[in-house]
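A note on names: the letters A, B, ... follow the listed sequences, proteins ahead of strands, and every chain is numbered from 1.
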Amino acid sequence: VTLVRHRYSVWILRSALGALLAYAGCAKLAAPRAFAVSIIQLQLFPFTWTDWIVATLPIAELLTGAWLICGWRPRASLLAAMILTAGFMFAAVQASVRGLSFNCHCFGLALESPSPAWVAMRAVLLFAFAASLRAISSAPLIRRQPKGQAS
Amino acid sequence: MSTLATNPTTSGHARDFLRDATAVLVMFVAAGIPGALVVRHRHATAPKHPSISLPELRAYVDAGEALLLDARDKTVYDEGHIPRAHSLPIQQWRMRETEWRALLASHRYRLVIVYCGNPWCGQAEELQLALVNLGVTRVGLFDGGFDAWRAAGYSVEDSP
């Protein structure tokens with residue numbers, strides 16, 4: 001019973017993270033130019049990369065979100081989420097440390113743009129959440145037992 | 001390496017991780033391909049909003065033929081701006097949208113030019129986007145920004 005409960009809890013948490021990433025991806029796809037401005041303001045990449053990042057990152061977010069929810073190779077999907085959130089964390093923290101003023105349209109234009117420090121903190125929390133879920137998913141209790149072995 | 005080779009559990013974990021990493025790599029590549037196609041399509045079909053060079057901007061300012069909008073913070077604007085430019089910090093866009101809708105509806109200029117501090121500040125592009133979304137048909141972007149204008153030695157206005 002504990003095993004089943006843990007699996008469901010992890011699935012719910014993983015799906016929540018997946019839904020969040022999928023929503024963020026859709027929001028960025030809906031407002032690509034605002035997202036492009038955010039990328040430019042971060043001053044992290046050459047100007048010519050902006051279009052490609054704007055077109056690719058939301059799709060990667062959307063695919064990762066769908067992958068987390070569908071549950072195929074869950075630890076791999078959580079690794080993808082960790083890589084994405086680590087990227088967001090690095091971008092937001094460096095912008096915050098450098099004192100850059102940027103409008104994070106991370107969740108589209110519908111929401112007010114929070115301060116860079118808050119964006120950095122949110123990115124750190126998201127990364128920690130994804131990393132914790134992957135650690136929990138790797139625990140023997142959660143991992144699927146090989147056939148023929150008692151759980 | 002010797003630990004990986006001799007310890008079956010560690011070796012199994014490493015194999016698992018490699019499989020996971022491969023799946024993630026495939027997913028990111030799968031995301032990159034449509035992204036590249038989208039960029040190609042967007043470049044081919046993007047509406048052409050004029051990019052304004054420094055001499056062109058000078059000509060427009062001298063002739064008073066364009067509505068010039070400064071997207072920087074108001075305090076920075078007050079310290080110095082291009083003559084006849086109006087301050088419209090992008091952060092205030094939402095608060096002042098109605099006021100600006102009315103102004104833009106009544107303006108007699110055929111061209112609106114936006115600028116910010118330098119080519120990397122990003123505020124001008126954001127303001128350009130807002131104006132285009134508002135239905136302004138010709139929004140020119142002065143890429144160089146105020147830094148390029150001042151560096152060229154042109155006259156600068158400051159607010160009292």
| query | Is it true that B:D20 and A:R134 make a salt bridge, defined as a side-chain N closer than 4.0 Å to a carboxylate O? | reply | yes

| Contacting region of A:L57 [heavy-atom separation from chain B under 4.5 Å] | neither

| What about A:F127 and A:W118, same hydrophobic cluster or not, with Ile/Leu/Val/Met/Phe/Trp/Tyr joined at side-chain heavy-atom distances under 4.5 Å? | no

| Shared ILVMFWY cluster between A:M82 and A:V10, side chains joined below 4.5 angstrom? | no

| note | To the nearest 0.5 Å, atom CG of A:L84 lies from atom CE of B:M27 at 6.0 Å

| query | What are the two closest heavy atoms between B:V24 and A:W67, and how far apart are they? | reply | N-CH2, 4.0 Å

| field | Under the ring pair (Phe, Tyr, Trp, His ring centres under 6.0 Å) test, residues paired with B:Y154 that sit two or more places apart | value | B:W149

| task | Of all the heavy-atom pairs spanning B:D16 and A:R73, show the shortest one and how long it is. | result | O-NH2, 4.3 Å

| Is any side-chain heavy atom of B:F28 less than 4.5 Å from a side-chain heavy atom of A:I59? | no

| Mind checking whether A:I69 and A:L62 sit in one hydrophobic cluster, side chains of I, L, V, M, F, W, Y counted as touching below 4.5 Å? | no

| Qualifying residues under ring pair (Phe, Tyr, Trp, His ring centres under 6.0 Å), relative to A:F88, sequence neighbours excluded | none

